[in-house]
Q: 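Once you've had a glance at the structure underneath, I'll fire off some questions.
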Amino acid sequence: MSASLTSAASATTFYFDEATYFSATGAVAVPLPNLGNVGSTFSTGGLTFSSFGSATDLFSGTSGFEGTFGPDFAPAISGNDLAISGPENFAIDFGSSVAAFSFKAFEPTVSGPASPFSGPTCNAPCFDTSFDISLFRQGVKITNVTFFPFDDTPTFLGILEPGGFDRVVFTDLTGTVDNEFFGEFSAAGLSTVPAPAPLVLLASCLGILGFCRRRRNF
């Protein structure tokens with residue numbers, strides 16, 4: 001697996017290796033607070049999370065639900081995690097335009113009910129879930145990618161869009177209610193990200209087909 005993928009149609013680069021992404025972007029981690037059920041929206045570190053569609057409550061950490069989930073939804077993801085009731089449909093709005101953004105996702109394959117001793121579970125029948133991840137700038141979609149998290153292991157995705165974006169929308173394409181968890185978010189402002197060199201962009205075009213597919217809106 002190569003470290004990143006860039007389409008010839010745009011300057012958007014998708015990274016699958018954390019070290020390469022952070023070296024290229026200088027992104028800063030945005031930890032999630034341990035708040036538990038926060039309803040349909042909450043803000044932290046300049047990011048505003050909100051659910052939409054048939055998704056309902058967001059959970060930032062397991063506070064108040066440790067008896068059901070234990071101290072963490074997905075211990076393999078560092079820090080507190082994001083969980084969503086219903087299909088995992090949620091958006092992240094940034095306080096100002098950013099050039100880079102990353103996260104990790106965890107898709108469990110254990111279908112039993114959640115408990116403090118079971119580890120991460122689907123809490124429902126498990127499905128292989130895919131997500132549409134769309135980037136917006138001032139209300140206009142500029143690009144999107146189809147994301148397939150690996151089973152039972154944290155899956156990293158970093159995105160670099162030098163033209164900037166101010167909103168990311170995650171849409172659960174499977175539309176099922178089994179659990180996936182998200183965490184280790186990061187972002188980088190427009191002024192902190194150097195323009196990628198042409199040679200790097202050329203090299204990054206190799207591989208990764210099947211892990212994600214991208215589309216570009218002009």
Q: Does some side-chain heavy atom of F131 sit less than 4.5 Å from a side-chain heavy atom of P149?
A: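 Sidechains of F131 and P149: in contact.
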Q: Hydrogens and angles aside, do T13 and Y21 bring a side-chain donor and acceptor to less than 3.5 Å of each other?
A: no
Q: With rounding to the nearest 0.5 angstrom, report the CZ to OG1 distance, F156 to T20.
A: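 F156 CZ to T20 OG1: 9.0 Å, rounded to 0.5 Å.
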Q: Quick check: is F16 connected to L135 through a chain of hydrophobic side chains (ILVMFWY, heavy atoms under 4.5 Å apart)?
A: yes
Q: Between V98 and I133, is there shared hydrophobic-cluster membership here, with clusters defined by ILVMFWY side-chain heavy atoms closer than 4.5 Å?
A: yes
Q: Give me the one residue out of T146, N144, T171 that meets side chain to side chain donor-acceptor pair (under 3.5 Å) with D132.
A: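 Option passing the side chain to side chain donor-acceptor pair (under 3.5 Å) with D132: N144.
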Q: For the ring pair F59 and F69, is the centre-to-centre distance below 6.0 Å?
A: no
Q: From S51 OG over to I84 CD1, what is the distance, rounded to the nearest 0.5 angstrom?
A: 8.5 Å
Q: I need the L157 CG to F148 CZ distance, nearest 0.5 Å.
A: 12.0 Å
Q: Using modelled atom types and a 3.5 Å cut-off, is there a donor and acceptor pairing between side-chain atoms of R137 and backbone atoms of G164?
A: yes
Q: Judged by modelled atom types alone, do T176 and D178 share a side-chain donor-acceptor pair under 3.5 Å?
A: yes
Q: May I have the step-by-step check of side chain to side chain contact (heavy atoms under 4.5 Å, CB included) for E184 and E18, ending in yes or no?
A: CA-CA 11 Å; E184 295 190 43; E18 285 183 80; 4.1 Å; yes
Q: Are any side-chain N or O atoms of D172 and backbone N or O atoms of E88, one a donor and one an acceptor, separated by less than 3.5 Å?
A: yes
Q: Please walk me through it: do T174 and D128 pass side chain to side chain contact (heavy atoms under 4.5 Å, CB included)?
A: CA-CA 8 Å; T174 314; D128 278 329; over 6 Å; no
Q: Side-chain donor-acceptor pairs under 3.5 Å in residues 35-45, sequence neighbours left out?
A:
| unit_1 | atom_1 | unit_2 | atom_2 | d |
| --- | --- | --- | --- | --- |
| N37 | OD1 | G39 | N | 2.9 |
| N37 | ND2 | D57 | OD2 | 3.0 |
| T41 | OG1 | F49 | O | 2.9 |
| S43 | OG | T48 | OG1 | 2.8 |

Q: Would the F90 and F52 ring centres measure less than 6.0 Å apart?
A: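 No, the ring of F90 stays outside the 6.0 Å limit from the ring of F52, centre to centre.
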Q: Heavy-atom distance under 4.5 Å between the side chains of P108 and T121, does that happen here?
A: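 No. Closest side-chain heavy atoms not under 4.5 Å.
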Q: Tell me if the aromatic rings of F101 and F94 count as close, with their centers under 6.0 Å from one another.
A: yes
Q: Parallel, tilted or perpendicular: which one describes the rings of F182 and F103, with boundaries at 30° and 60°?
A: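 F182 and F103: tilted rings.
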Q: Transitively linked via ILVMFWY side-chain contacts under 4.5 Å: V168 with I142?
A: yes
Q: Determine, using the 4.5 Å side-chain heavy-atom cutoff (strictly less than), whether F165 and V30 are members of one ILVMFWY cluster.
A: yes
Q: Count I, L, V, M, F, W, Y as connected when their side-chain heavy atoms are under 4.5 Å apart, and connections chain through other members. Are I92 and I159 then in the same cluster?
A: yes
Q: Does any N or O in the side chain of D81 come within less than 3.5 Å of the main-chain N or O of A74, such that one atom is a donor and the other an acceptor?
A: yes
Q: Could you measure the distance from the CD atom of E107 to the CZ atom of F150? Nearest 0.5 Å is fine.
A: 11.0 Å
Q: Donor-acceptor pair, distance only, cut-off 3.5 Å: does the side chain of N80 make one with the backbone of L32?
A: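 Yes, N80 side chain to L32 backbone: donor-acceptor pair under 3.5 Å.
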Q: Hey, would you say the F181 and F73 ring centroids sit under 6.0 Å apart?
A: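 Yes, ring centres under 6.0 Å apart.
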Q: Does any donor atom in the side chain of D151 or T153 lie under 3.5 Å from an acceptor atom in the other side chain?
A: no
Q: How long is the span from the CD1 atom in I77 to the NZ atom in K104, to the nearest 0.5 Å?
A: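 Nearest 0.5 Å value for the CD1-NZ distance: 7.5 Å.
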Q: Quick one: pull up OG1 in T129 and CG in L173 and give me the separation to the nearest 0.5 Å.
A: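 So the gap between those two atoms works out to 9.5 Å.
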